[in-house]
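In what follows, a structure is listed as structure tokens, so that the remarks can point back to it.
It should be emphasised that the depicted structure is a prediction, and the values quoted were computed from it without experimental measurement.
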Amino acid sequence: MLLNSKTFPKAQKETKELVLHEDIRIDNYFWMNQRDSKEVLTYLSDENEYYEQATSATKGFQESLFNEMKSRIKEDDQSVPYKLNGYWYLTRYEEGKDYPIYVRRRESLEAPDEILFNCNEMAEGCSYFNLRGINISRDNKLAAFATDKISRRIYTIYIKNLETGEIYETGIANSSGDSTWANDNKTLFYVVKDDQTLRSHAIFKHELGTNITEDILVYEEKDDTFDVFVYKTKSKKYLVIGSVSTLTSEFRILEADQPSGDFRIFQERVRGLEYSIYHFEEYFYILTNADKAINFKLMKAPEQSTSKEHWTDVISHRKETLLEDIDIFKDFLVISERTNGLNQLRIQRWDGTNDYYLPFDNETYMAFASANPDFDTNILRYTYTSLTTPVSTIDFDMITREKEVKKEQEVLGGNFDKENYVSERVWATAQDGTKTPISLVYRKGINKDGSNPLLLYGYGSYGATIDPYFSSSRLSLLDRGFIYAIAHIRGGEYLGREWYENGKLMNKMNTFTDFIDCAKHLIGEKYTSQNHSYAMGGSAGGLLIGAVANMAPELFHGMVASVPFVDVVTTMLDDSIPLTTGEYDEWGNPNEKDAYFYMKSYSPYDNVKAQDYPNLLVITGYHDSQVQYWEPAKWVAKLRDLKTDRNLLLFRTNMDAGHGGASGRFEGLKEVAEEYAFLLLLEQIQS
């Protein structure tokens, strides 16, 4: 797979000086941000053509992997139904079809199907299609929904009459897709995005039968570091407008029976105060970091007196336990917690007679409360999966403590047996002495002699936790001898809120050094060796891959970076593109000198240098609204110019996709097959 360097695409250099804080950065590829220009399209086309040439010999293998992964999927599948307001709702797939069909049945599961949306028909003629935000009116007669046919996460909201099947012609454009009905069954509140930055910045009100030009602006968020959303409480009593930034929350509430009324502030924003709200009977329950509760606590306030001075503790702050979410039932409170990295579901009776945890018996699982729309039930529905156990939907009786597995994901093909696989959690020691957990899965019988190929996955930003979960596609690696590992590095919340705080802003370097130290630990313990070690990450995880590629390229034989955020300084200085101003609290504001130079010290694009790099596969989407296509394009061009090795550097731009890649369950598998083929063929050559 080594290719002649003369065949590499050569990007044109146009020197541009970027000056700030008396520091000069030279960007030879700044011109690539001219979307739709002939020069940009030609370069991307050249890279795609080179990619096709370089991988032509692997196409058969990619197809074989795709068919193998597809063969494990039950194509004519459906979700476990849940009941809401007199109807059972479910999602089903048909054999050979890419997209879901949304269905409901009145009162009984034996009732005939009412097809709400057949996305296969709706997606005809589209290179990309996504439907989200289905929202049924309280009288069950109308459905608001939203579609994106470009993959820039810009949705158009429509309204469907569920009695006649008519979809009203007027669509509400430039939306996040979020909407909610008032209780009058004719007033719809929805979110609009800013045309340029794509920030969700305003809430409008639409009345059925009126022209959208007459829609009323209900709330506009002026602070460009905040995004807004709208929803209705589980109690159906309140409409809620949320306005949040990385560090601060603010909510407004209005009784859903009075859509013409004015929203009132629940608790005005105070920088650093985060909270979310849940309504039950005469109280609001508040999940918050108030009073220095870094791992959050639960408080409550009377409906009519919601400002902070009226909040009282329900569950106090615990240093060792992160309080992640709650779910309220008539007789029970269900608390989602995380202790020592492990999910826990805690069940309390409101009358205080019971307080217990659901038992889970390993260290590489995830469990979370799923669809629970009804108050008046003793059944908690939750989802469980682990690195070796397919996803299960479970109904748990909170009184008898009996559970019923409603469905476990089927893995077809006849070869899967969970007993053939082993999972474990190990701990690496970081440079500063911190212990970093790693979740691992592999087939039984491997020898820890350094000869095993190992794929280390990481993310480490925004407090997002990558929990251990089952993947039937991943079996194509495991059954070929790969070990799969998740590095639970700082920047996520796996070990609580402090774990996140110690991997952001001026602590961001911990994210990258943690990943490096995890790789060193796995090599040192002979799970793998440098010649058989691989890494993968996407989006902010692509930043991780880019930074580690600069800092410790010798640890990896190959890397995959998907939609990578690699031009950190330049992007965070451009407040005209999505995500910039809203993320100053995550990365820092480079207009401030200290933040600028710290950011520059790890920004992958700014730190590419003349050295050997691992084999690299870089994938992006031309319509990506989260990480603009030019970031990976510039990064690849600079790598081609400076790297001193003859290893593979492959770059592909999906001209029809955005941040989430291809739409449809099978098109997405093709991208997984592409990545796995790259890794497996590298390993074949290495062996």
Side-chain angles (χ1 to χ4, degrees), residues 244-249 270-276 286-299 313-326 335-346 357 363-368 425-439 457-468 486-518 521 537 540-541 543-544 547 583-589 594-595 598-599 601-602:
V244 299
S245 70
T246 304
L247 296 176
T248 308
S249 314
V270 176
R271 181 167 172 79
L273 175 64
E274 298 176 65
Y275 69 95
S276 52
I286 306 140
L287 193 63
T288 180
N289 68 345
D291 310 318
K292 299 181 180 179
I294 188 169
N295 272 334
F296 290 77
K297 63 179 178 177
L298 186 64
M299 307 182 78
D313 280 8
V314 177
I315 298 176
S316 299
H317 177 254
R318 289 160 292 167
K319 180 175 174 54
E320 73 286 352
T321 298
L322 175 66
L323 190 56
E324 294 186 313
D325 200 3
I326 65 168
I335 307 115
S336 298
E337 303 177 351
R338 186 183 297 272
T339 301
N340 196 31
L342 304 181
N343 299 126
Q344 296 179 304
L345 291 174
R346 181 182 179 186
Y357 289 87
E363 292 187 326
T364 58
Y365 72 91
M366 64 183 296
F368 55 90
R425 186 170 65 162
V426 300
W427 299 76
T429 302
Q431 294 178 13
D432 61 1
T434 301
K435 298 292 185 182
T436 303
I438 310 167
S439 296
Y457 182 87
Y459 188 75
S461 292
Y462 303 108
T465 297
I466 308 300
D467 278 309
I486 303 170
H488 302 293
I489 49 185
R490 281 175 281 188
E493 273 187 352
Y494 186 80
L495 291 180
R497 185 70 175 198
E498 283 185 307
W499 200 245
Y500 169 42
E501 299 291 341
N502 288 327
K504 64 185 284 195
L505 296 173
M506 303 299 277
N507 294 318
K508 190 64 202 171
M509 196 66 75
N510 287 333
T511 301
F512 315 127
T513 55
D514 280 359
F515 193 81
I516 290 168
D517 292 327
C518 286
H521 177 82
L543 161 63
L544 169 71
E583 301 206 347
Y584 287 157
D585 288 330
E586 177 71 26
W587 310 103
N589 182 351
D594 288 347
Y598 187 77
M599 204 176 289
S601 72
Y602 66 75

So which atom in [X] and which in [Y] form the shortest heavy-atom distance, rounded to 0.1 Å?
X	Y	answer
Ala547	Tyr602	CB-O, 3.9 Å
Cys518	Ala487	SG-CB, 3.9 Å
Gly588	Leu505	N-CD2, 3.3 Å
Thr246	Arg497	O-NH2, 4.3 Å
Met506	Ala595	SD-CA, 4.2 Å
Leu342	Arg425	CD2-NH1, 3.7 Å

[X] and [Y]: side chain donor to acceptor below 3.5 Å:
X	Y	result
Gln344	Thr339	yes
Thr288	Lys297	no
Thr465	Asp467	no

Mark yes or no for whether [X], through its side chain, and [Y], through its backbone, hold a donor-acceptor pair below 3.5 Å.
X	Y	result
Trp499	Gly341	no
Ser461	Gly491	no
His488	Ile466	yes
Thr511	Arg490	yes
Asn343	Ala367	yes

Item checked: Close aromatic pair by centroid cut-off 6.0 Å: Trp587 and Tyr598 -> no
Is the closest side-chain heavy-atom distance between [X] and [Y] below 4.5 Å?
X	Y	value
Leu543	Phe512	yes
Ile315	Ile335	yes
Asn507	Glu501	no
Leu323	Arg318	yes
Leu544	Ile489	yes
Ser276	Ile286	no
Phe296	Asp325	no
Tyr357	Glu337	yes

Note to self: Ile486 vs Tyr459, test: side-chain contact (heavy atoms from CB on, under 4.5 Å). Steps then yes/no.
What the structure shows: CA-CA 9 Å; Ile486 303 170; Tyr459 188 75; over 6 Å; no
To the nearest 0.5 Å, what is the distance between [atom1] on [X] and [atom2] on [Y]?
X	Y	atom1	atom2	value
Asp514	Gln431	CG	CD	8.5 Å
Lys508	Met599	NZ	CE	11.0 Å
Glu498	Lys319	CD	NZ	4.5 Å
Ser245	Glu274	OG	CD	7.5 Å
Glu324	Asn295	CD	CG	9.5 Å

Next item on the list: Output, in order, the C-alpha distance, side-chain angles, deciding distance and verdict of side-chain contact (heavy atoms from CB on, under 4.5 Å) for Asp517 and Thr436.
Entry: CA-CA 9 Å; Asp517 292 327; Thr436 303; over 6 Å; no
Checklist line | side-chain contact (heavy atoms from CB on, under 4.5 Å) assessment of Tyr494 paired with Arg338 | finding: CA-CA 8 Å; Tyr494 186 80; Arg338 186 183 297 272; 3.9 Å; yes
Next item on the list: Run the numbers on Ser336 and Leu345 for side-chain contact (heavy atoms from CB on, under 4.5 Å), then give the verdict.
Entry: CA-CA 5 Å; Ser336 298; Leu345 291 174; 3.6 Å; yes
Item checked: Name of the residue among Asn289, Asp291, Ile294 meeting side-chain contact (heavy atoms from CB on, under 4.5 Å) with His317 -> Ile294
